[in-house]
Structure formats: structure tokens, C-alpha cells
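See structure below.
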Amino acid sequence: MVTAKVIWFDRKKGLGEALDEMGRTLVLSALEITPSAKPIRLNPKDEIVCSVRKSKTGFVAKQISKAEKINRKRPLDATL
């Protein structure tokens, strides 16, 4: 599984592209989005997690799901 950032996604056509951590351009398909409790909307700059398959035309994202956001709160000051 790799992490990628959505470049663009057309909801009407169900197609888009993302850039993974290795710099590869991945083709996204709405058919490969993993179902969850609520529908996933892919927007530019969203981070996703997916597996990657090589195809004749390039790389294709499979088993797409949104990356979970990490709660980055400032650590408590130990001197207080």
C-alpha cells in the first residue's frame, strides 16, 4: 500500500489522477474506491492510500481509500 495525493478527479466520469510518494502518476477509477460507511469524495490535494498495479498504459490505483488524518496537537510542555 502506498500513499498518494489526488491531482484531479472528475466525479461525473469517475476518473482522475494522483501522484504517489515515489513520483509516479496513478490513474484513479471510481470503481476502485473501497466502500465505507459514507461515500468518499476525492478532491485535489486529498491524501489516499491504495495499492498500485502496472498496466499497459502506466500505473493504476487499486483498493482506494482516504488516508486517515493524524491529529497533530502540540505536545504538552513538561516544564509546567
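Quick note: numbers below take in every heavy atom, side chains included, and nothing from hydrogens, waters or symmetry partners.
Residue Val49 shares its hydrophobic cluster (ILVMFWY side chains chained together at separations under 4.5 Å) with Met1.
Annotation: side chain of Leu28 is in contact with side chain of Phe9 (closest heavy-atom distance under 4.5 Å). Between Arg41 and Arg11, some side-chain heavy-atom pair lies under the 4.5 Å cut-off.
Heavy-atom neighbours of Lys54 NZ from other residues, nucleotides or ligands within 6.0 Å: above the threshold of 12.
Within the 3.5 Å criterion, the main-chain N or O of Ile64 finds a donor-acceptor partner in the side chain of Thr34. A donor-acceptor pair under 3.5 Å is absent between the side-chain atoms of Asn43 and the main chain of Asp46, judged by distance alone.
Contacts of Lys62 classified as side chain to side chain contact (heavy atoms under 4.5 Å, CB included), with partners at least two apart in sequence or in another chain: Glu32, Ser51, Arg53, Val60.
Among residue pairs with one or both ends in residues 1-10, those qualifying as side chain to side chain donor-acceptor pair (under 3.5 Å) are Trp8-Glu17; sequence neighbours excluded.
Taken to the nearest 0.5 Å, the CG atom of Leu15 stands 14.0 Å off from the NZ atom of Lys12.
Tested against Ile48 for a side-chain contact (heavy atoms from CB on, under 4.5 Å), the candidates Val2, Val6, Asp20, Ile33 yield a single pass: Val6.
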